[in-house]
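These notes concern the structure reproduced below.
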Amino acid sequence: MCGIVGYVGSRRLVPVVLGGLKRLEYRGYDSAGIVFLQDGKLEKYRSEGKLQNLEKHMEDALSAPSHIGLGHTRWATHGAPTTANAHPHSDCTGELVVVHNGIIENYHSLRNELIEKGHTFASETDTEVLAHLIEEYLDDDLRAAVTKALTRVEGSYALGVLWTGMPDTLIAARNHSPLVLGIHEEEGGFMASDIPPLLPYTDQVIFLDDEELAVLKADSHTIYSLKTGKEVGKEVKTISWNAAMAEKGGYRHFMLKEIYEQPQAIIDTVSGRINPETGSVDLPEMNLSDDDLQNIDRIFLVACGTSWHAALVAKYWIERWAGIPVEVDIASEFRYRKLLINERVLTVAISQSGETADTLAGIRLAKDLGSKIVTICNVVGSTMTREAHGTVYTHAGPEIGVASTKAFTSQLAALFLFTLFLAERKGTMAQDQRLLLGKELIHLAKVIEEILPSLQEEIKELIEKFYDSRDFLFVGRGLNFPIALEGALKLKEISYIHAEGYASGELKHGPIALIDKDMPIVGLTPKDAVYQKSISNVEEIKARQGRLILIGTEGDGQLKTITDDILYLPEVHEELNPILYTIPAQLLAYEIAYRRGCDVDQPRNLAKSVTVE
């Protein structure tokens, strides 16, 4: 969840690393630090809070002539978010430093062992154990010392190491925590937790796999297996993103920019994958044969947070159109029960980053039980895509705001394509139906693009009545029930208002007791197969004086008899309502959070890529 940036090359170190850390702020953090080598000595700067605090602290060092160093943003796990606990951490000599993402599970026993050997600790963190453990094994070969130290470690790590004894070298290592190298013949060598810090300098990257170590110099990189110690050949990948894609582009926040990027993200996800003349769907990286697909008895969809809501929508689609039973699991619970999985089960992991620890652990277990694995993901070359049998990429581009927006709608678009793909291979959908739904999906992007500006203005005005509320309910039925969950999640995570999503029909089984004149309720009421049921439910809310905000279909006059607060959306094919009705839910959360003065892009306690369990 934290961020690592490292550099060795011809450029001045501090601007490269500090700029890289800023591009990782979306991951969430509570302290930061930078270390660089200058005149044979390590210069270390650390600060709690945001990067601006660190930047002020090291004003005199911004133009330092150093060309090698490391930076880190920390999200606290072991020890409070203080300067003393901020990375980098040093060994006893002060000549070796470590930055680390992940959790060292056996740090307590290692720490006690090292203390008995005379090591002195200056922090409460598990990370500092790594610095002292490497020191314990260090002679004149840093790679050998790091390799030996990591044989003692249990847990997850993405690691950056710098030692004055090898002043031209950085060591990088990973296990269950993402780390990517950037390669440029003239600029030098880079390492980072994610791609955005690399984009201003290179599009050539290498994704480290678990239990791999890299020796990084300005003019070379060598990668070794931590298991065998042997050199490993790695493919250099070209990233199609550019630096501008990760900038705000004139928008107030990344989240707002990414809301407006959704039409293009949907088009990019769909383009080239569905034939507009025949409705045939081609997913070239699926890597499952027709025989594999015919042998599927059940599908498990495994995901966390917003991706789990996408999975809930996909369950309706797949069961209706492909005729395959679907189970949806929260990844953090998936592997802690008796899983009835075998070779006739397809497990589909959904993750924006492809590095979500809980989801990754779940698919590894399913794979061990014989299941084929498909990953729906936004990051080319991420761990989940490498470990899956097949992949459906979402092509949303970098998503910087912590609250997922375009990644979610892109996941829905990809899952809808996946449904059409399965239905075509299983023969459960007529060609004309598939062609119609494919065209409707492509058309939806244009609909969203056209309504976004006016919808945002309507919501700006609407929220003046509701932005200071303490609680919200979101309700929906059928395909829109998961969107009620997603709307509530968006509101609570960026505005800090308590919000819950419910199936409309469940209100009478308890939650209706909460409703009074002070409770705002967002009702999703499109003209669909369950419309009349939805109307009955919101009438029940009105009868109890609930403050209703209805989101419904243009021209639906009945809604005006229930409330004055209505957001009308164009009529689209009802199978695609979940994607369309996500848009006002996102904007509602955004405008309320902005009106309340919240940190929209970096809400407290949250991180973009959750790489710890």
Side-chain angles (χ1 to χ4, degrees), residues 1-4 24 26-28 101-102 156 158 174-182 192-199 205-212 234-235 237-241 245-246 265 268-269 283 285-287 300-308 310-311 314 329-332 334 347-367 372-400 402 404 406-415 418 607-613:
M1 298 170 77
C2 330
I4 287 175
L24 289 177
Y26 65 89
R27 293 174 70 90
N101 294 347
S156 60
R174 80 154 270 175
N175 190 45
H176 304 308
S177 191
L179 199 60
V180 58
L181 307 182
S193 306
D194 204 348
I195 293 168
L198 310 179
L199 295 177
V205 304
I206 296 173
F207 293 93
L208 293 184
D209 285 309
D210 285 346
E211 297 188 271
E212 288 185 345
K234 301 287 289 186
E235 180 184 0
K237 294 182 178 290
T238 301
I239 298 299
S240 59
W241 305 350
M245 293 172 71
D268 289 346
T269 297
L283 300 177
E285 291 156 316
M286 178 63 68
N287 297 328
F300 278 79
L301 301 178
V302 183
C304 296
T306 284
S307 297
W308 179 64
D329 269 270
I330 298 173
S332 57
F334 179 63
T347 302
V348 180
I350 309 169
S351 168
Q352 188 280 141
S353 67
E355 304 290 350
T356 310
D358 291 315
T359 309
L360 188 55
I363 65 169
R364 284 171 171 162
L365 176 57
K367 195 174 184 179
K372 295 288 188 183
I373 308 296
V374 169
T375 291
I376 293 176
C377 181
N378 191 42
V379 179
V380 176
S382 59
T383 303
M384 282 185 213
T385 67
R386 297 197 302 274
E387 298 198 9
H389 296 95
T391 300
V392 182
Y393 284 111
T394 53
H395 298 301
E399 187 179 66
I400 306 302
V402 167
S404 181
K406 66 175 180 174
F408 176 65
T409 48
S410 298
Q411 286 171 352
L412 290 175
L415 285 162
F418 178 64
K608 184 65 178 174
S609 181
V610 185
T611 55
V612 296
E613 294 182 65

>> Run the side-chain contact (heavy atoms from CB on, under 4.5 Å) test on Glu212 and Leu179 for me, step by step, so that the C-alpha distance in whole Å, both residues' side-chain angles and the decisive distance to 0.1 Å come before the verdict.
In response: CA-CA 10 Å; Glu212 288 185 345; Leu179 199 60; over 6 Å; no

With side chains defined as the heavy atoms from C-beta onward, is the minimum distance between [X] and [Y] less than 4.5 Å?
{"X": "His389", "Y": "Val374", "result": "no"}
{"X": "Thr385", "Y": "Val379", "result": "no"}
{"X": "Arg174", "Y": "Asp210", "result": "yes"}
{"X": "Lys372", "Y": "Lys367", "result": "no"}
{"X": "Glu285", "Y": "Val392", "result": "no"}
{"X": "Lys237", "Y": "Val205", "result": "yes"}

> Side chains of Ser193 and Asn101: do they bring a donor and an acceptor to under 3.5 Å?
Replying inline: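 Result is yes, a qualifying pair exists.
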
>> Between Asn378 and Gln352, is there a side-chain donor-acceptor contact under 3.5 Å, judged purely by atom types and distance?
In response: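 Short answer, yes.
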
To the closest 0.5 Å, what do you measure between [atom1] ([X]) and [atom2] ([Y])?
{"X": "Leu360", "Y": "Ser353", "atom1": "CG", "atom2": "OG", "value": "9.5 Å"}
{"X": "Leu415", "Y": "Ile350", "atom1": "CG", "atom2": "CD1", "value": "4.5 Å"}
{"X": "Asp329", "Y": "Leu301", "atom1": "CG", "atom2": "CG", "value": "9.0 Å"}
{"X": "Met384", "Y": "Thr356", "atom1": "CE", "atom2": "OG1", "value": "4.5 Å"}
{"X": "Gln411", "Y": "Cys377", "atom1": "CD", "atom2": "SG", "value": "8.5 Å"}
{"X": "Thr375", "Y": "Tyr393", "atom1": "OG1", "atom2": "OH", "value": "8.5 Å"}

>> I'd like to know whether Glu355 forms a side-chain hydrogen bond (donor to acceptor under 3.5 Å, both in side chains) with Thr383, so could you lay out the CA-CA distance, the side-chain angles of the two residues, the decisive distance to 0.1 Å, and finally the verdict.
In response: CA-CA 6 Å; Glu355 304 290 350; Thr383 303; 2.7 Å; yes

Shortest non-hydrogen contact between [X] and [Y], atoms and distance:
{"X": "Cys304", "Y": "Asp358", "value": "SG-CB, 3.9 Å"}
{"X": "Gly354", "Y": "Ser382", "value": "CA-OG, 3.5 Å"}
{"X": "Ile4", "Y": "Leu24", "value": "O-CD1, 3.5 Å"}
{"X": "Ala265", "Y": "Ser410", "value": "CB-OG, 3.4 Å"}
{"X": "Ile373", "Y": "Ile363", "value": "CD1-O, 3.7 Å"}
{"X": "Ala366", "Y": "Thr347", "value": "CB-OG1, 3.5 Å"}

> Hey, is Glu387 close enough to Arg364 for a salt bridge, meaning N to O under 4.0 Å?
Replying inline: yes

> Could you go step by step and tell me if Phe300 and Val348 meet the side-chain contact (heavy atoms from CB on, under 4.5 Å) rule?
Replying inline: CA-CA 6 Å; Phe300 278 79; Val348 180; over 6 Å; no

> With Leu208, which of Val180, Leu181, Asn175 fulfils side chain to side chain contact (heavy atoms under 4.5 Å, CB included)?
Replying inline: Leu181

>> Under the criterion side-chain contact (heavy atoms from CB on, under 4.5 Å), I'd like the reasoning laid out for Phe418 against Met286: C-alpha separation, chi angles, the key distance, then a yes or no.
In response: CA-CA 10 Å; Phe418 178 64; Met286 178 63 68; 3.6 Å; yes

